[in-house]
Structures are given as C-alpha cells and as structure tokens.
There are 2 protein chains.
Amino acid sequence: MAQHTDKDDRADKPSSPATLMDVAAKAGVSIATASRVLNGSTRKVRNDSYVKVMEAATKLNYRPNAYAQAVAKGTAPNIVLLVSDISDPYFASVSQSVVKAAGEQGVSVTIGVAANAKAELESVRKSVATRPRGIIISESEYIDAPERAELERELRQYEASGGRAVFILNRNLPFPAVDVANEVGARAIAKLFVDSGYTRPAILKGDDNHRSSKERLAGVMDVLGKAGITVDPRVIANGRFSRTEGYAAIMQMARAGLLAPGGDAAYDGAGIDSVIALNDVMGIGAMTALRANGIEPGREVGITGFGDIPYSADVHPSLTTVHLPLAEIGQAAVDCVLADRDDAGAADSAAGNRLIFVQSAPDIVLRESLPRR
Amino acid sequence: MAQHTDKDDRADKPSSPATLMDVAAKAGVSIATASRVLNGSTRKVRNDSYVKVMEAATKLNYRPNAYAQAVAKGTAPNIVLLVSDISDPYFASVSQSVVKAAGEQGVSVTIGVAANAKAELESVRKSVATRPRGIIISESEYIDAPERAELERELRQYEASGGRAVFILNRNLPFPAVDVANEVGARAIAKLFVDSGYTRPAILKGDDNHRSSKERLAGVMDVLGKAGITVDPRVIANGRFSRTEGYAAIMQMARAGLLAPGGDAAYDGAGIDSVIALNDVMGIGAMTALRANGIEPGREVGITGFGDIPYSADVHPSLTTVHLPLAEIGQAAVDCVLADRDDAGAADSAAGNRLIFVQSAPDIVLRESLPRR
DNA sequence: CTGTTAGCGCCTTCAA
DNA sequence: TTGAAGGCGCTAACAG
C-alpha cells in the first residue's frame, strides 16, 4: 500500500478541505510565504517558491477560508441587503442591481427578507453579527413602528464600529439614503392625469408613515387640488404597496358600490374614471380587480402607476407610469456602502444622513393605460 | 474626567464592537462562562452569573462575531443560492421561498447571480471559500458548456469536504436535484391545447441542452404528434427562457411574415393560431410582441405558458399555464441541503444524484389566454 | 458549575 | 525574501 504523509490518513468520508498549512507543507515553504502568494496583496516572494506554492495549491485544490480571513483581518468580504419581499418585482430589480454592482467590486451580498418591523430588527441584529462591510436596507413599510428606535440604536452602533448603513428610498432615519424625486415624479404624473381629462380618481397609496408614499401622495394631491379636483375620501385606500392589497382594496371598493356609477358610487354617484396607484404593483393589481368587476382598465377607467418595473410594459393595457432608475438605485447604494470611510469627509459623516439623489427629474413613461379622454 | 478601564481608552472614531472577552471581564466571569450563556446551546450556568453576563452583554451591546464562531466550530451559518437573474419572476419566487425556508431554520442565505457558465463557475469557487452549509444552484442554462466538467469537479470536492450541493430543475449533473414532472405537465398542457381546437402553434423553447426545456418540449411534441399535428420548424425558436428573447423571437417571426396568413406564412401560408411557450416569461413576452404586430393574444392567437409565476394572473389575457410549486421547490432544496448528513443513508449519498420530486402531477391553470375555438 | 487551555485557518508584524 | 510567533474572536474539551 502506498505511503503518504499527506493529511487525512484514515479512510475518510468527509476529508476536510485543504488548509493553508497543508499547502505550505506540500510546497516546502512556511505558511507565511504561502499566505503571501495565495492571498497577500503586494507579493514579494521569489519566483520559484511562488510557483511551488501555486502548484501545491492547485494540486490540493486549495480554497482560502473566507471566514478565517475575515476574522484574521477583521473585515468581511460581503454586504447585506434587506428587503421585504424578493418576489416583488421592485425589490427584485433593486436586488439584481445591488448584487451586480457589488459583484463588480468583488464583494458578495447576503440577502435577507424581513416582512415586518420585528423581523427587520432581528435581521439587522443577525447581519451585524457577520460584521459586513455594509448594510443596505430597502425595506419600505413600518418605518414608525416601535422597533424603530431599537433599529436606529442598532445601526448607530454598527456604524460606530466601522460599518456602513444605507437606506433605499427612506429618509426617516438619520442614515445615508438613496432616494429619488418622489414628489416631482408625482406632480408630473398628476399633471398628465389632469391634462388627459380625468377628474374622478381612486387612489391607492401605501402606509401613511411610509415616506415614499407620503411624498408621492402629497405631489399628486397638490396638483389635483390646484386643478380643482377634490378626491372622494372613500376611494383613497391603503394598498400597502403590495399587488395583493392593491387588488383587495379595489375589490373592496367595488363591493361597496363605489366604482361604477350608481347610488352609492363615489363622486356623488358618478363613480371613478381612473385609478392612481402610487406604485406599479398596486396598479397592476387594480387592473385585474377592475376586470374582475367587469370594468375594462384603460378604456373605461384610466390607470397610472409609479416605478416602471419591468412588467409594467407587459401588462395590458401597458402601464403609464413614472420611471424610477431601479438599477442605478442599487448601484448608488453599493457605491455608498463601499465608499472609503475617510473619503466622504467628516462633514458628510457628521451629517449622518447624507442624501444621494439618483435622479432629479423622474421621467414619465407614456403607455396605454391612461388614454386621453 | 471619568476614569474607566473599559476597552478603547483613546478618543475613538471607530470603536470596535464589544468582544466576548469584554463581556466576560465586565461581568467578572471567565470567557468560557460568558460564551456558554451567550451562545452555547445547553446552558449550565448558575443563575446569578447568567444574569451578570446578560447585563454586561446588553450594556456593551455585544453581538457575537458570526465569522469567528464559524471558524471556531468549523461550520457556517449560511447557505448560498445561485441564480442567473433575480429580477426574473421565476427566480425571484424561488429565491423568496429559499430565503424563507432557510430563515426558519436559522440559516441565512447568500444570493449570487451568475448569468453564464463562466460566472457560475467563479461564483461557486467563491462560495466554496465561505464554507457554507450548502449550495443551491438554480441556474438553468449553459448546462453543457465546457465549464461543466470544472463545475462538477469543484462541487464534488465541496461535497467531499462535507458540503452539500443541490440543483433546482436540473438533473444533468450527478448531484441531488429538486425537480418537477416537466414532461407530465407538458403533456397535460398539450392535451388541453389540442382539445381546445388549436393546430398551428409557434413554439418558444429554451436551450436544447437545458433539461427542463428538453423535457417540456418532448412532452408537447409527443402529444401534438399523436394528434396529427406537425409543427412547422420555422416557428420553433429558442427564447432562452427569457422574457426579452421570447419577445425578440416572436418579433423576428413576424418580420419574416411567418405569423399572419399570407405568402410566407408558416403552415403553408395559414399562419399560426397559437404560441406554446415553455415558460411563462417567454409567453408574456410573446403576448407583447404579438400586440406590437397587431395581433391580439387570446383572441386571434392562443397562448400557453409554463410555471405559473405570480404575474401570469395579471397579464391580459391572463395566462393559461402549468402550475409549478415554486415555493415548495425552494423549501425542498433547503431541506435537502440542510438535512443531516448521516440521515439520508449511505445509499442515497452513494447514488449522488438523488431526486426530489416536489410534485408528481402538475396542475394546469386554466385562464383566458387559450380560449376554446 | 466554572475557569484554563488548546485550537480553528488565516494574516501580519518582527527578526533573521 | 523568508520564517517564527502572536493574535483575530470564539468554541470545546478538560480539569477543577
């Protein structure tokens, strides 16, 4: 039988992966040297030992243990991204771009989903435990939950220890945030709405303490008001920025007889002539709900969305909406999180809540769901 | 000025987070004890020292260093999931369920996107470096690329060192895989197709070496053939399971005059009466493409999808498709990856390519895109 | 029950 | 250029 002094002599089921020591031994150099050629940045090793190490490494199929490296150098190779629902196209798009942007800089991203404030707080706690380079929070609801204070403390602590927290579309907490011009976009779409001849909208908003929703709503309401349109409060509903809840909200209105002309109908019996959804998925849910009630969206009732998720072009009628640069948002968040600590200057850091506007004037995407009438 | 012997005496910008040692010191116990109450599973510590440690921990805002723990106990608290595109609703759904299922077991998931074989291989290499509990690969294309052998080696090595690799919807490599009854589903939808009176389909498939695509195609073709339908080869296209390419493929056919009746049209000038898409996003892309060419999907041309992604219910006409239990697939993959190594028995492990069927008879979801004619 | 003592795999001064 | 040695933060026997 062959003799070998390699590791793992015993008949092994799970032979543990090769370690740096193994490589060093096989290459006949010190572990330090091995480390230098395999991982160290500025290599200053003689060429022949370099080769020997490399050979040993490939032969042993060596893969550095990322965790051990992280522990040793005290800095992790990853960032974490928190979203409330990856299957939501909006978050999916943001996630995609975050992962891509991070990947280009060689850092991996751990995605966590946290559907509510409690879960979010817990996720943050767990995330902090991995000492990531940064934490990007793309959560949108529950901002003012009681957990908020706790969350802020946790993140502040995290920052104090050298971490970087960034929010996406949320400026309620004193941390850097990537944001877009919600109100500007809202005004633009509302103006289009008015100009197109609509006067009796149902409105699907998000939670009132949800900043994006609030800003968008403010923009819309202001333009509407100035155009002499008073929105019937009975057809303003909280769709929680979710497709399902948006759908449900419209169904509810239909059941109450608010939508189609008639006795109980909104706007003094005239019913609605449109749905203004403060994000796309609610708008899409609304379309389906309208159809379920025999109302043809885009013909009898106009629809607007907000966000321009990929699928807004594929629904029918295709959704007229406000374009949000989803990909750029993710990129910006990653840049912010990975930026050199010293770079931004004490001023910004001190401010704490630096704002990164990805775009100053959101474009509106004119499609079919809001025909001129 | 207050004197304290706590850590970090110097005026500190980034005061490093509290360590277990700090907590132990402040609580006046040994680091071992502190470890036991803070992390150790079966705690056997006196109550008062338990309290002291807890107090110290909260006061110091202690968070265990997950990496250090991982290194020390030689096992990581996470799994990695590889997909080719999170913004694709199919992958998004799978990801969502994987994250959820993993979360319930206290393990976090690192998501990587790898759009092609090379990126995938690299991702796997990087993943292995973090010694995760398992790797779930939900990639679907490029299965037979030259990197395949490399990938297999890498994963085999990973398994040998105690890791667990699982594929989703892919059984081309000798690893455990979660799969569904593609062919059964395909036969079902094809039968519905025939029974509904369609005879001249365009077909949108995926790569030929993509297993799911192949199986679905086989099922469809067989049923069609037996019904006496011969598919015009000019209207079979590779949409690569992507919305964009599906869209492009139909546009291409339209440009070639294949779709609408006429001289160049498929099926001896009769044109197509339907599109069979082997997954939903291609079906949805096809609808939009048809509309762009003045053809009303669901009226002039019937459409079928495969997968039942959330948005297939929201497009119009809503997509008749084969329901795939996306959530269960993710759950199954996680279960498999997290299963006790000894549990499954040597038999399964030896086989290497254990199959987990999530569902034996895929339901077909009857909606509006394939009306009887 | 608790403290002591080895490691885990790697990086990084510090001498040589 | 290289090796020896200490340390990162934590866990896990092993004695007390």
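The analysis underlying the following values was restricted to heavy atoms, covering all of them including side chains, and did not include hydrogens, waters or symmetry mates. Each chain gets a letter, A, B and so on, in the order the sequences are listed, and its residues count up from 1.
Atom-to-atom distance recorded for A/Tyr62:OH and B/Gln157:CD is 13.5 Å, nearest 0.5 angstrom. Note that CG of B/Asn61 is 5.5 Å distant from CD of A/Glu154, once rounded to the nearest 0.5 Å. With rounding to the nearest 0.5 Å, the separation of OG1 in A/Thr130 from CD1 in A/Ile135 is 7.0 Å. The CD1 atom of B/Ile329 sits 11.5 Å away from the CD1 atom of B/Ile136 when rounded to the nearest 0.5 Å. With rounding to the nearest 0.5 Å, the separation of CD in B/Glu122 from CG in B/Asn116 is 10.0 Å.
The separation between A/Leu38 atom CG and C/dG9 atom P is 15 Å, rounded to whole Å. Going from atom CZ of B/Arg131 over to atom P of C/dG9 covers 9 Å, rounded to whole Å. Residue B/Arg36 contributes atom CZ, which lies 8 Å from atom P of C/dG3 at whole-angstrom precision. Remark: C1' of C/dT12 and CG of A/Leu20 are 13 Å apart, rounded to the nearest angstrom.
DNA chain C is contacted by both B/Lys73 and A/Ser35; B/Lys73 maps to the nucleotide lying nearer its 5′ end (nearest heavy atom per residue).
Heavy-atom distances under 4.0 Å link DNA chain D to B/Tyr62, B/Pro64, B/Asn65, B/Ala68, B/Gln69, B/Ala72 of residues 61-72 of chain B, given in residue order.
Put simply, the side chain of B/Gln96 gets close to the backbone of A/Ile86: a donor and an acceptor are under 3.5 Å apart. Of the possible polar contacts, none joining the B/Tyr158 side chain to the B/Arg131 backbone as a donor-acceptor pair under 3.5 Å is found. For the pair B/Ser30 (side chain) and B/Thr33 (backbone), a donor-acceptor distance under 3.5 Å is present.
Defined by atom type and a distance below 3.5 Å, a donor-acceptor pair is present between the side-chain atoms of B/Asn78 and A/Tyr67. Residues B/Gln69 and B/Asn65 bring no donor and acceptor atom of their side chains to less than 3.5 Å of each other.
Helix bend of the helix from C/dC1-D/dG16 to C/dA16-D/dT1: the angle between its two end axes, each built from five pairs, comes to 40° after rounding to 10°.
The outermost nucleotides of DNA chain D lying under 4.0 Å from heavy atoms of chain A, listed 5' to 3', are D/dT1 to D/dC8.
The pair B/Glu150-B/Arg153 counts as a salt bridge, with a side-chain nitrogen and a carboxylate oxygen less than 4.0 angstrom apart.
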